[in-house]
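Numbering of residues begins at 1 and proceeds along the displayed sequence. Note that these values count all heavy atoms, side chains included, but never hydrogens, waters or copies made by symmetry.
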Amino acid sequence: MTVFKSDFLRVLQERGFIHQVSDAGGLDALAAKGEAIAYVGYDCTAASLHIGHLLSIMMLHWLQQTGNKPIALMGGGTTRVGDPSGRDETRKLLTYEQIDANKESIKGTFSKFIKFGDGKTDAVMADNAEWLAKLNYIEMLREVGRHFSINRMLTMDSVRMRLEREQELSFIEFNYMILQSYDFVELAKRYGCNLQMGGSDQWGNIVNGIDLGRRMGTHQLYALTCPLLTTASGAKMGKTAAGAVWLNADLLSPYDYWQYWRNTEDADVERFLKLFTLLPLNEVAKLAALQGQDINEAKKVLATEATALIHGRDNALAASETARRTFEEGAIANDLPTVEIPQTELSGGVSVLAAFVRAGLVASNGEARRQIKGGGLRVNDIAVTDDKLMLTGANLTADNVIKLSLGKKRHVLLKSA
């Protein structure tokens, strides 16, 4: 194992963030002097980032904590094109208004992990629309496009895998890697940026940027990627039956976010404590040593610490207490996630299948039926056995709610309004 001199690479190595590094010695020397200026790009395809983005955000956090400078790059320009990486179909093109709205919605996430300002190590937020939207096509072809080999571009994973699966790759998507490479060059010129970080699927694009920088006369550029995470059982990190695990509280409540981490598989606890919390490694080691039922205490710590980072300590503790009351006391805690349903609608009867879909506990009526067959759905803590069951005002508790449960750990209250 490489022994790094810089705190930055040493921390990343110890906590499991490093997948690949270009010229590790050169980057290590730069970071040891506090001269690493690194960016990660985030396209504005949704109103919120999700936990798939958390690894790279945590890398920006540790970069700053070890005396270096982070850049959070908003993809106001590249989102207009769409990244083909890891996809079998073309992304839906968003309107410029949708992109701008998404961009504003996700900006606040970063200030929870990195500090912005004018100091040497203070973070910068940039937007590639600032330079990409102004590009003249002919000039772009002459100044940038001439440095790219079609032969090489066809070997990149994002292109090769699409072609091997005989899935259509649009010309606009094919240009994405050129724009991403140009971002690296622009950030190098504007901010002295010398490092691009991202997921392992971005390695080819990042190396292209290093090569373009060399051809266009920038200083030495570097690449660092983190692993694309899957859970111990092989599932893609950050996906649930109800969809993505969003970072914005208006799309996923702090309680549901806490529950996501609480449900971590035993084999993933130590790894996730290192990656997604700020706990010292000696404390992580103590928690990871817990065995049997005691591992659940480590999961609760993971859930609380991870939730505190994005939603604040008070919300994390409230989610933990709600879970304790719900599971240990069997109480219906009023701060469980709540979905309002009009009293007029409830008086006419609501299908139990539709109710669970509406609550976000299952994705479809078909999934609800499968859960019922397996004994996975409960109404007011009573197992649902009839998929034709109708929920009415008679199901309301004294608190004027109906408690819907998926398994033992996920609960939503239907509240009559």
Side-chain angles (χ1 to χ4, degrees), residues 12 15-19 40-63 70 72 74-75 83 85-87 102-103 105-114 197-202 225-279 284 298-313 315-316 319-320 323 337 360-361 363 406 409-410:
L12 259 56
R15 300 186 83 99
F17 284 94
I18 297 178
H19 181 71
V40 180
Y42 300 89
D43 279 347
C44 313
T45 53
S48 170
L49 298 178
H50 53 73
I51 67 165
H53 297 107
L54 262 187
L55 267 186
S56 63
I57 297 175
M58 293 300 291
M59 289 165 76
L60 290 175
H61 168 84
W62 290 117
L63 178 85
M74 298 290 95
D83 183 0
S85 300
R87 298 181 65 87
N102 288 344
K103 182 170 61 183
S105 181
I106 67 179
K107 275 183 177 179
T109 297
F110 297 98
S111 60
K112 298 170 182 177
F113 296 88
I114 51 180
M197 303 189 296
S200 59
D201 62 336
Q202 294 295 316
T225 60
C226 56
L228 290 180
L229 283 190
T230 56
T231 64
S233 62
K236 187 175 180 180
M237 180 78 180
K239 290 288 186 182
T240 68
V245 182
W246 300 108
L247 302 186
N248 283 22
D250 57 341
L251 292 181
L252 187 76
S253 72
Y255 174 82
D256 281 334
Y257 190 81
W258 189 95
Q259 278 296 330
Y260 175 81
W261 294 107
R262 171 62 181 84
N263 293 337
T264 295
E265 296 176 34
D266 291 1
D268 288 325
V269 172
E270 181 177 12
R271 187 167 52 129
F272 290 178
L273 282 166
K274 289 180 178 179
L275 294 172
F276 299 112
T277 80
L278 305 181
L279 291 176
V284 170
K299 293 181 183 182
K300 292 174 187 176
V301 172
L302 167 63
T304 299
E305 293 300 316
T307 304
L309 279 177
I310 189 68
H311 294 302
R313 180 72 53 184
N315 283 326
S320 177
L361 291 169
L406 171 63
K409 298 177 180 178
R410 297 196 60 202

Which atom of Ala316 lies closest to which atom of Ala308, heavy atoms considered:
CB-N, 3.6 Å
Would you mind reporting whether Met197 and Ser56 have side-chain heavy atoms less than 4.5 Å apart?
no
At what distance, to the nearest 0.5 angstrom, does CD1 of Ile51 lie from CD1 of Ile57?
11.0 Å
The side chain to side chain donor-acceptor pair (under 3.5 Å) partner of Lys299 among Thr304, Asp266, Thr264 is Asp266
In terms of heavy-atom contacts, Ser200 and His19 come closest through CB-CD2, 3.4 Å
Any non-hydrogen side-chain atom of Leu229 less than 4.5 Å from a side-chain atom of Leu275?
yes
So, the side chain of Asp201 versus the backbone of Leu228: is there a donor-acceptor pair under 3.5 Å, distance only?
no
Could you please spell out the steps behind the salt bridge (Lys or Arg N to Asp or Glu O under 4.0 Å) verdict for Arg313 and Glu305?
CA-CA 8 Å; Arg313 180 72 53 184; Glu305 293 300 316; 2.8 Å; yes
Phe113 side chain near Leu60 side chain, heavy-atom distance below 4.5 Å
no
Tell me whether the rings of Trp246 and His50 are parallel (<30°), tilted (30 to 60°) or perpendicular (>60°).
perpendicular
Start with the C-alpha distance between His53 and Thr109, add both sets of side-chain angles, then the distance that settles side chain to side chain contact (heavy atoms under 4.5 Å, CB included), and finish with yes or no.
CA-CA 11 Å; His53 297 107; Thr109 297; over 6 Å; no
Report the residue from Tyr257, Trp258, Trp261, Tyr255 that forms a ring pair (Phe, Tyr, Trp, His ring centres under 6.0 Å) with His311.
Tyr257
Note: Gly75 and Cys44 closest approach over all heavy atoms is N-SG, 4.0 Å
Checking the side chain of Arg15 only, and the main-chain atoms of Thr277 only, is there a donor and an acceptor separated by less than 3.5 Å?
yes
Using modelled atom types only, decide if a donor and an acceptor are shared between the side chain of Lys112 and the backbone of Ile310 within a distance under 3.5 Å.
yes
Check: Phe276 and Leu309 side chains under 4.5 Å, non-hydrogen atoms:
no
Strictly distance-based, threshold 3.5 Å: is any side-chain N or O of Ser48 a donor or acceptor partner for the main-chain N or O of Leu247?
yes
Between Gly108 and Ser111 the two heavy atoms that sit nearest each other are O-OG, 3.0 Å
Over all heavy atoms of both residues, which pair between Ala298 and Val269 is shortest? Give the atoms and the distance, please.
CB-CG1, 3.9 Å
Tell me the closest heavy-atom pair linking Thr230 and Arg271, and the distance in Å.
O-NH2, 2.9 Å
Mind running side chain to side chain contact (heavy atoms under 4.5 Å, CB included) on Leu252 and Val245 for me, showing each step along the way?
CA-CA 7 Å; Leu252 187 76; Val245 182; 3.6 Å; yes
